[in-house]
*Asks:* 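I'd like to ask you about the structure that follows.
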Amino acid sequence: MSMNVTLSREDVVRLCERVEGAQKRAYAIPKLTDEYPGMTMGDGYAVQLELRRRFLEQGHRQVGWKAGLTSKAKMQQMGVSVPSIGFLTDRMARPENSAISTADLVHPRVECEVAFVMKKTLSGPGCTREDVLAATDYVLPAVEIIDSRFSGFKFDLESVVADNGSSARFVGGGRARYAEELDLRTLGVVMEKNGEIVTMGASAAVLGHPAEAIAMLVNILAELGEDLPAGSFVMSGGITEAIAVKPGDSITARFQELGSVSMRFVD
């Protein structure tokens with residue numbers, strides 16, 4: 001993946017302001033490549049890192065990163081072939097069993113993920129699954145609430161990366177476990193919406209092993225001149241396709257060996 005940035009600093013700032021407005025005021029915007037058809041992945045990440053800089057300036061605290069589009073189901077749903085990453089802040093976190101407002105979201109959808117908490121800093125390039133497992137403190141189940149802020153569900157990878165991988169909210173819960181106590185390839189997961197099973201999958205859907213997604217994330221960070229700090233909370237990407245939610249919906253994600261994560265959605 002080439003990280004060449006073709007946009008001027010002014011364009012990066014302008015696109016960042018556009019994305020930030022959509023996130024803060026919950027409205028849809030046209031995909032960024034409509035105006036900048038030559039946008040590269042490097043441009044997308046330049047906008048994302050500018051957004052992070054602004055959020056940190058406004059007092060948000062970065063808690064970690066997430067890998068996106070790491071499962072075949074998700075890649076097919078989005079029509080892309082390369083995974084991506086986004087940053088996570090404390091203001092995106094919601095407690096287990098909480099009521100999550102949809103008033104400040106555009107098209108909220110939920111997906112089940114295995115989250116890793118790191119005990120050692122990891123740097124790329126060349127980070128491997130084994131490196132990730134050796135640096136992991138524990139894993140826990142999580143649900144990510146993503147929000148596609150592009151109108152008419154028209155998007156492409158460059159625009160999605162600029163919009164921080166559609167990050168909106170996340171909920172961790174269940175039981176934390178040491179990675180070595182589990183076979184992370186074969187964890188079954190079932191998502192229930194209002195008591196009905198809506199989707200299921202196995203953790204191998206995430207690049208064959210969720211730790212592969214974290215290794216890939218570390219290697220993308222290296223291309224951006226960043227490492228993955230100790231203490232980071234990292235989501236390894238959706239195991240299933242994303243399921244739309246609206247006010248009144250209750251979601252429970254049940255993970256084999258890791259317990260369950262629940263939340264409900266309100267106006």
*Asks:* Tell me the salt bridge (Lys or Arg N to Asp or Glu O under 4.0 Å) pairs involving residues 36-52, sequence neighbours left out?
*Replies:* R9-E50, E50-R53, E50-R54, R52-E226

*Asks:* Using the side chain to side chain donor-acceptor pair (under 3.5 Å) criterion, which residues pair with S159? Sequence neighbours excluded.
*Replies:* D156

*Asks:* Side chains of residues 139-149: which donor-acceptor pairs under 3.5 Å do they make with residues two or more places apart or in other chains?
*Replies:*
unit_1 : atom_1 : unit_2 : atom_2 : d
E144   : OE2    : K66    : NZ     : 2.8
D147   : OD1    : V106   : N      : 3.0
D147   : OD1    : H107   : N      : 2.5
D147   : OD2    : V106   : N      : 2.8
R149   : NE     : D163   : OD1    : 3.1
R149   : NE     : D163   : OD2    : 2.9
R149   : NH1    : S167   : O      : 3.2
R149   : NH2    : D163   : O      : 3.4
R149   : NH2    : D163   : OD2    : 3.4
R149   : NH2    : S167   : O      : 2.8

*Asks:* Can you pull out every salt bridge (Lys or Arg N to Asp or Glu O under 4.0 Å) where at least one residue sits in residues 202-214? Sequence neighbours excluded, please.
*Replies:* R129-E212

*Asks:* Under the side chain to side chain donor-acceptor pair (under 3.5 Å) test, which residues partner N194, sequence neighbours left out?
*Replies:* D249

*Asks:* Identify which one of N164, V63, V234 satisfies the side-chain contact (heavy atoms from CB on, under 4.5 Å) criterion when paired with L88.
*Replies:* V63

*Asks:* Any side-chain heavy atom of D137 within less than 4.5 Å of one from F116?
*Replies:* no

*Asks:* Could you name each residue pair satisfying salt bridge (Lys or Arg N to Asp or Glu O under 4.0 Å) that touches residues 232-245, not counting sequence neighbours?
*Replies:* none

*Asks:* Can you name the side chain to side chain contact (heavy atoms under 4.5 Å, CB included) partners of A134, sequence neighbours left out?
*Replies:* none

*Asks:* Out of I29, L51, L32, which residue meets the side-chain contact (heavy atoms from CB on, under 4.5 Å) rule with L15?
*Replies:* L32

*Asks:* Hydrophobic cluster mates of V190, side-chain heavy atoms under 4.5 angstrom, ILVMFWY only, any path?
*Replies:* I197, M200

*Asks:* Could you pull out all residues at least two apart from R91 that satisfy side chain to side chain donor-acceptor pair (under 3.5 Å)?
*Replies:* H60

*Asks:* Of all heavy-atom pairs between T102 and P108, which one has the smallest distance, and what is that distance?
*Replies:* CG2-CG, 4.2 Å

*Asks:* What pairs with K193 under side chain to side chain donor-acceptor pair (under 3.5 Å), at least two apart in sequence or on another chain?
*Replies:* none

*Asks:* Sort and list the pairs that fulfil salt bridge (Lys or Arg N to Asp or Glu O under 4.0 Å) and have at least one residue in residues 169-178, not counting sequence neighbours.
*Replies:* D104-R169, R177-E181, R177-E257

*Asks:* Who pairs with A213 by side chain to side chain contact (heavy atoms under 4.5 Å, CB included), at least two apart in sequence or on another chain?
*Replies:* A67, T70, V206, L207, S236

